[in-house]
Amino acid sequence: MSSSGELHRRRSAAVARGVSSMIPAYVSSAGGGTMTDVDGREWIDFAAGIAVTNVGNSAPKVVAAVKAQVERFTHSCFMIAPYEQYVAVCEELAVRTPGEFDKRTALFNSGAEAVENAVKIARHATGRQAIVVFDHAYHGRTNLTMALTAKVMPYKQGFGPFAPEIYRVPMSYPFRDGGRSGTEAAAYAIGQIEKHVGASNVAAVLIEPVQGEGGFVVPAAGFLPALAAWSKQAGAVFIADEIQTGFCRTGSWFASEHEGVEPDLITTAKGIAGGLPLAAVTGRAEIMDAVHPGGLGGTYGGNPIACAAALASIETMRELDLAAAARHIESVARPRLEALAAKHPSIGEIRGRGAMLAVELVVPGSIEPEAAGTAAVARAAHESGLLLLTCGTYGNVIRLLPPLVISDDELDRGLTLLEQAFATL
Ligand SMILES: *Cc1c(COP(=O)(O)O)cnc(C)c1O
């Protein structure tokens, strides 16, 4: 096998520069809480491929299901000749997502595609156009989802013009909004919507229940329920983008459940299929079915191999109780992070839910973002063999997203490497 150095030379001559990689090492295998590169070095995985391999890489049931399916048939296109696996994934999503009401699901390939379709469905069902999104939001990189995403660099810079009828309002961000309560922050956001958009024009309010790329921002209690209630009253569709928070990541199947919120539509992707590309929009039957036959779809959406992987992933989450595993990871990691914060004045806040935990770095004694220090900690972590991601509008947040099957020993080793990386500050 080629070395990472050789592969990097080949890559530079063949792969577009716009697609970048966090570390210079090339993967050879991965599983549980670790990854091994082609040079034989082992890494502790605190990234899970951005909250994708919640069941771990090459989870046994996923591997078996994929092998069996790939031998039966690889693709027929659900829009031409349907198959059971697609239907079974939609049945599972109806059961697993919050809300006891009648639901329907449509399957797609990527998170951005799911978000695009949720917007299409909401506009069709309401006959309205305006979509309300929030500061720090991340919803993808396609043209419509770039418009929905907040951060310019690197996601939007030079890629305009952007889609119209997108309106951005303030997010509840307790660490940065003076500790506004959830109801105060919601009242402020709703005031902005009513003044600048008009309630009767809003097709959908689209929000991540815990923001991902934007910095693992957990809104103050009451913010999400207030927005969901306002949406209902305004006749707008309340869409929860659970692409990063879904599938046991936050300690429950979906993050909306922490506050008893039942979104009209939920977008999912990332953790759904153990690493195979699959995404979904699930929601109230009357909204989903407002769209005429043929109005939704795509060549590969709900590919049978990805569906087989999703069914095996969901079974694995249920059997291993990975929601409980996420809570366990939090119970181990949070006290370690709190202790780290007590030692390092540049740590402004520890936050998150379940196995979606963040460390926000600031200039000591202020809330001024400390991006350079954050990058330095991440670099030190990478040099020591820890796969660690940063995030945040200001690039000053370190995020922990380990596979939910990580062992206590691997978690402990990873946290130790993180603690050592902070020593570089
Ligand atoms: C990753 C992500 C997306 C986009 O998903 P892709 O599969 O990369 O298109 C959308 N929303 C959220 C919250 C995400 O984390």
Side-chain angles (χ1 to χ4, degrees), residues 18-22 47-54 97 106-122 131-151 154-156 159 163 166 168 171 173 204-219 224 238-250 254-256 261 263 265-283 298 300-303 306 309-310 313 352-358 389-393 397 399-401:
V19 184
S20 63
S21 301
M22 188 178 76
I50 321 185
V52 167
T53 50
N54 292 4
T97 52
L107 300 179
F108 305 97
N109 304 294
S110 68
E113 210 187 339
V115 173
E116 291 240 0
N117 278 280
V119 169
K120 279 170 66 173
I121 294 162
I131 306 296
V132 172
V133 290
F134 292 81
D135 281 342
H136 315 291
Y138 182 86
H139 298 292
R141 294 174 181 264
T142 57
N143 185 264
L144 175 58
T145 58
M146 272 193 296
L148 300 167
T149 289
K151 192 173 175 176
Y155 306 122
K156 303 165 77 161
F159 297 136
I166 310 294
R168 193 170 307 284
M171 176 69 182
Y173 189 162
V205 172
L206 167 63
I207 191 165
E208 300 153 84
V210 177
Q211 288 183 320
E213 309 301 301
F216 280 23
V217 178
V218 185
L224 295 171
F238 184 76
I239 308 173
D241 181 348
E242 293 243 20
I243 288 168
Q244 192 155 156
T245 50
F247 296 102
C248 302
R249 174 55 55 188
T250 65
F254 293 95
S256 299
V261 171
L265 301 182
I266 296 189
T267 54
T268 54
K270 292 197 165 96
I272 192 172
L276 274 85
L278 187 69
V281 182
T282 301
Y300 287 116
N303 169 271
S313 293
R353 284 194 199 282
M356 184 170 182
L357 294 169
L389 304 176
T390 60
C391 63
T393 299
V397 180
R399 54 171 154 173
L400 275 58
L401 285 171

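When a ligand or atom number is given, it counts from 1 through the structure's own listing order.
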(message) What protein heavy atom lies closest to atom 1 (C) of ligand 1? Include the residue and the distance to one decimal.
(response) K270 NZ, 1.5 Å
(request) Measure the distance from atom 4 (C) of ligand 1 to every protein heavy atom, then report the residue, atom name and distance (to 0.1 Å) of the closest one. (result) A112 N, 3.7 Å
Are any non-hydrogen side-chain atoms of [X] and [Y] less than 4.5 angstrom apart?
X	Y	result
Y300	F108	no
T245	R353	no
L278	T268	no
T267	E242	no
F159	N143	no

If the cut-off is 4.0 Å to any non-hydrogen atom of [X], which atoms of ligand 1 fall inside it?
X	answer
D241	10 (C), 11 (N), 12 (C), 13 (C)
E208	13 (C)
S110	7 (O), 9 (O)

(request) Please work out whether any backbone atom (N, CA, C, O) or any side-chain heavy atom from C-beta onward of Q211 is under 4.0 Å from ligand 1, and answer side chain, backbone, both or neither. (result) neither
(request) Examine the proximity of ligand 1 to A269 and report which part, side chain or backbone, both or neither, has a heavy atom under 4.0 Å away. (result) neither
(request) Could you tell me whether some N/O pair between G111 and ligand 1 is separated by less than 3.5 angstrom? (result) yes
(request) Answer yes or no: does an N/O atom from Q244 fall short of 3.5 Å to an N/O atom of ligand 1? (result) yes
(message) Does the protein come close to atom 8 (O) of ligand 1 - that is, does one of its heavy atoms sit below 4.0 Å from that atom?
(response) no
(request) Return the set of residues passing side-chain hydrogen bond (donor to acceptor under 3.5 Å, both in side chains) with N109 (not counting sequence neighbours), or none when no residue passes. (result) E113
(message) Applying the side chain to side chain contact (heavy atoms under 4.5 Å, CB included) criterion to E213, which one of H139, E208, Q244, K151 satisfies it?
(response) Q244
(request) Could you verify whether a donor N or O on one side chain and an acceptor N or O on the other, from H136 and T393, lie under 3.5 Å apart? (result) yes
(request) Check if G212 has a non-hydrogen atom at a distance under 4.0 Å from any atom of ligand 1. (result) no
